[in-house]
Amino acid sequence: MSIISDDNDFIEKTENRKRENVLPQSCDFDRNFENCIRPKSFDTYIGQTALKETLKISIAAAQKRELPLDHLLFYGPPGLGKTTLAGVIAEQMGVSIKITSAPALERPRDIIGILMSLQGGEILFIDEIHRLNKIAEEILYPAMEDFFLDMTTGKSQTVKTLRLEIPKFTLIGATTKAGELSGPLRDRFGIIHRLEFYSEEELSQVIKRTAGILDIEITDDGSHAIARRSRGTPRIANRLVKRVSDYALVKHDGKITRDIAEKSLDILKIDHYGLDSTDRTLLKLIIEKYDGGPVGVETIAAAIGEDVRTIEDVCEPYLLQAGLLQRTPRGRKVSPETYRHLGYKNLQQGLFQ
Ligand code: ADE
């Protein structure tokens, strides 16, 4: 049992909040922490300000026309709130949402089943949509364009095509790799938006909101200390709040101050840039074994024992944006700032820091 939920006071408060509809009825902090703290409305969704404004206009226009919202594609690094935003849109439109991901739609019957189960106006959210296979994509095209399912029955000579009308729906696709989406699929989305990394101030607000829901006391500079090391990513910030809160409870009086946050994050080996030991191992490898690069991502993956997808999807987006890593046609290389950040005295020193 976790420190957070193994507390009678907290359990009682959680039940009260469910009664007041502040928390979803299904909220179970130990099992689905992320679902409990997901904002449900544009007012409680922090950050992505410009995106929220354009979405509100698209939603209002769709409502005035009494039509479903155009199909939407969200892209950007993981953990920035793509699924959460889809939930907020559903709430704002007053419709329900079905959530799935491309790897769960492996067989034609998976995608057909979910499309046939949709109600009019409903939102279908497909995460990691760049991983959809060709057959599933081709089933999706007429569904997205004309709200039809083209199905074939029988074999070779006796094959028949059946057009089946389905209710009008909105597809929200999410991807960390917009470049891997096929052209025809991308073209069928009417609205395409990129989610941006969060500022320190925005993350600090996310942290304070989460601490409020979890009934954790936190000071302003405590939330900023966590925000600074959260790599611009709310999912990481929320995870760190829990870890720091455990430390605060065990080592102190439960309150998160700047000092407590910094000590706890130091123990977790999360540095001032928010880098963890995997990030540092990756960067040090490029410096010490490959003279700062360039070196191919497959070589890096094999050397540090991580898979290429984890490196590309999880580690790299933030390292690239922080200017600590560069992508070149010949592979990855580090920047002078990487040497400085990791404590190398000059660029030639590599091994002899
Ligand atoms: N938790 C995760 N993402 C969030 C966001 N954008 N606003 C508020 N809380 C969040």
Side-chain angles (χ1 to χ4, degrees), residues 2 4-5 13-14 17-18 20-24 26-56 58-59 72-93 97 99 101 123 125 127-128 172 174-176 191 193-218 220 222-245 256 261 265 270 274 313-314 317-318 321:
S2 86
I4 285 174
S5 61
K13 275 188 187 158
T14 302
R17 285 172 165 161
K18 283 188 191 175
E20 292 157 10
N21 269 335
V22 177
L23 290 174
S26 58
C27 167
D28 175 340
F29 281 101
D30 286 336
R31 282 177 193 221
N32 57 6
F33 164 71
E34 273 206 48
N35 281 347
C36 297
I37 57 169
R38 266 186 214 290
K40 296 271 176 291
S41 66
F42 280 117
D43 292 340
T44 49
Y45 187 101
I46 295 155
Q48 311 294 344
T49 316
L51 171 54
K52 280 195 300 190
E53 289 316 306
T54 50
L55 285 176
K56 281 185 203 168
S58 303
I59 292 171
L72 263 158
L73 179 69
F74 289 142
Y75 70 98
L80 299 189
K82 297 188 271 297
T83 313
T84 306
L85 205 47
V88 167
I89 292 170
E91 188 81 14
Q92 181 86 13
M93 299 277 301
I97 180 168
I99 298 182
S101 74
I123 291 177
F125 178 81
D127 204 5
E128 297 190 75
I172 303 185
T175 177
T176 51
I191 310 172
H193 287 296
R194 183 188 143 90
L195 273 80
E196 305 290 343
F197 282 113
Y198 289 59
S199 69
E200 182 184 317
E201 179 52 39
E202 288 166 345
L203 283 182
S204 167
Q205 288 176 33
V206 170
I207 289 164
K208 279 190 259 182
R209 176 179 177 275
T210 302
I213 293 172
L214 297 176
D215 214 18
I216 294 165
E217 222 188 317
I218 188 164
D220 265 354
S223 70
H224 273 275
I226 299 176
R228 267 193 296 280
R229 301 198 203 186
S230 297
R231 310 167 65 108
T233 308
R235 183 182 292 155
I236 297 180
N238 285 332
R239 239 187 255 145
L240 293 181
V241 175
K242 278 183 83 178
R243 297 286 69 79
V244 173
S245 150
I256 301 179
L265 295 170
I270 294 166
D313 292 357
V314 182
Y318 182 71
Q321 119 108 19

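Each ligand, and each atom within it, is numbered from 1 in the order the structure gives. Because only heavy atoms are used, hydrogens play no part in the values below, and waters and symmetry mates are left out as well, while side chains stay in.
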Legend entry - Donor-acceptor contact present, side-chain Arg209 to main-chain Ile37, <3.5 Å: yes
Inset, instruction - Looking only at distances, please establish whether an N/O atom of ligand 1 is found under 3.5 Å from an N/O atom of Tyr198. - result: yes
Legend entry - Numbered atoms of ligand 1 (with element) below 4.0 Å of Thr44, judged on heavy atoms: 7 (N), 8 (C)
Legend entry - Residue Tyr45 vicinity, atoms of ligand 1 by number, heavy atom under 4.0 Å: 6 (N), 7 (N)
Inset, instruction - Give the residue and atom name of whichever protein heavy atom lies nearest to atom 10 (C) of ligand 1, and the separation in Å to one decimal. - result: Pro39 CD, 3.6 Å
Legend entry - Expected output: side-chain Tyr318 to main-chain Gly274 donor-acceptor under 3.5 Å: no
Inset, instruction - Using the side chain to side chain contact (heavy atoms under 4.5 Å, CB included) rule, pick out the option among Ile236, Ile270, Ile218 that qualifies with Ile226. - result: Ile218
Legend entry - Contact check, Thr84 vs ligand 1, heavy-atom distance below 4.0 Å: no
Legend entry - Residue of the set Thr84, Thr83, Asn238 for which side-chain hydrogen bond (donor to acceptor under 3.5 Å, both in side chains) holds with Arg38: Thr84
Legend entry - Flag, side chain of Lys52 to backbone of Ile46, donor-acceptor distance under 3.5 Å: no
Inset, instruction - Using non-hydrogen atoms of the residue, decide whether Gly47 is closer than 4.0 angstrom to ligand 1. - result: no
Inset, instruction - Identify the protein heavy atom lying closest to atom 7 (N) of ligand 1, giving its residue, its atom name and the separation to 0.1 Å. - result: Ile46 N, 2.8 Å
Legend entry - Nearest non-hydrogen protein atom, atom 1 (N) of ligand 1: Asn238 ND2, 3.4 Å
Inset, instruction - Would you check the N or O atoms of Ile37, main chain and side chain alike, for any that come under 3.5 Å of an N or O of ligand 1? - result: no
Inset, instruction - Measure from the side-chain N and O atoms of Thr210 to the backbone N and O of Val206, and report whether any donor-acceptor pair falls under 3.5 Å. - result: yes
Inset, instruction - Give the minimum heavy-atom separation between Glu34 and Arg235, together with the two atoms involved. - result: OE2-NE, 3.1 Å
Legend entry - Leu80 to ligand 1, any heavy atom closer than 4.0 Å: no
Legend entry - For ligand 1, the portion of Arg209 having any non-hydrogen atom under 4.0 Å away: side chain
Inset, instruction - Without swapping roles, check the side chain of Gln92 against the backbone of Ser41 for a donor-acceptor pair under 3.5 Å. - result: no
Legend entry - Residue, atom name and distance, where the atom is the protein heavy atom closest to atom 3 (N) of ligand 1: Pro234 CB, 3.5 Å
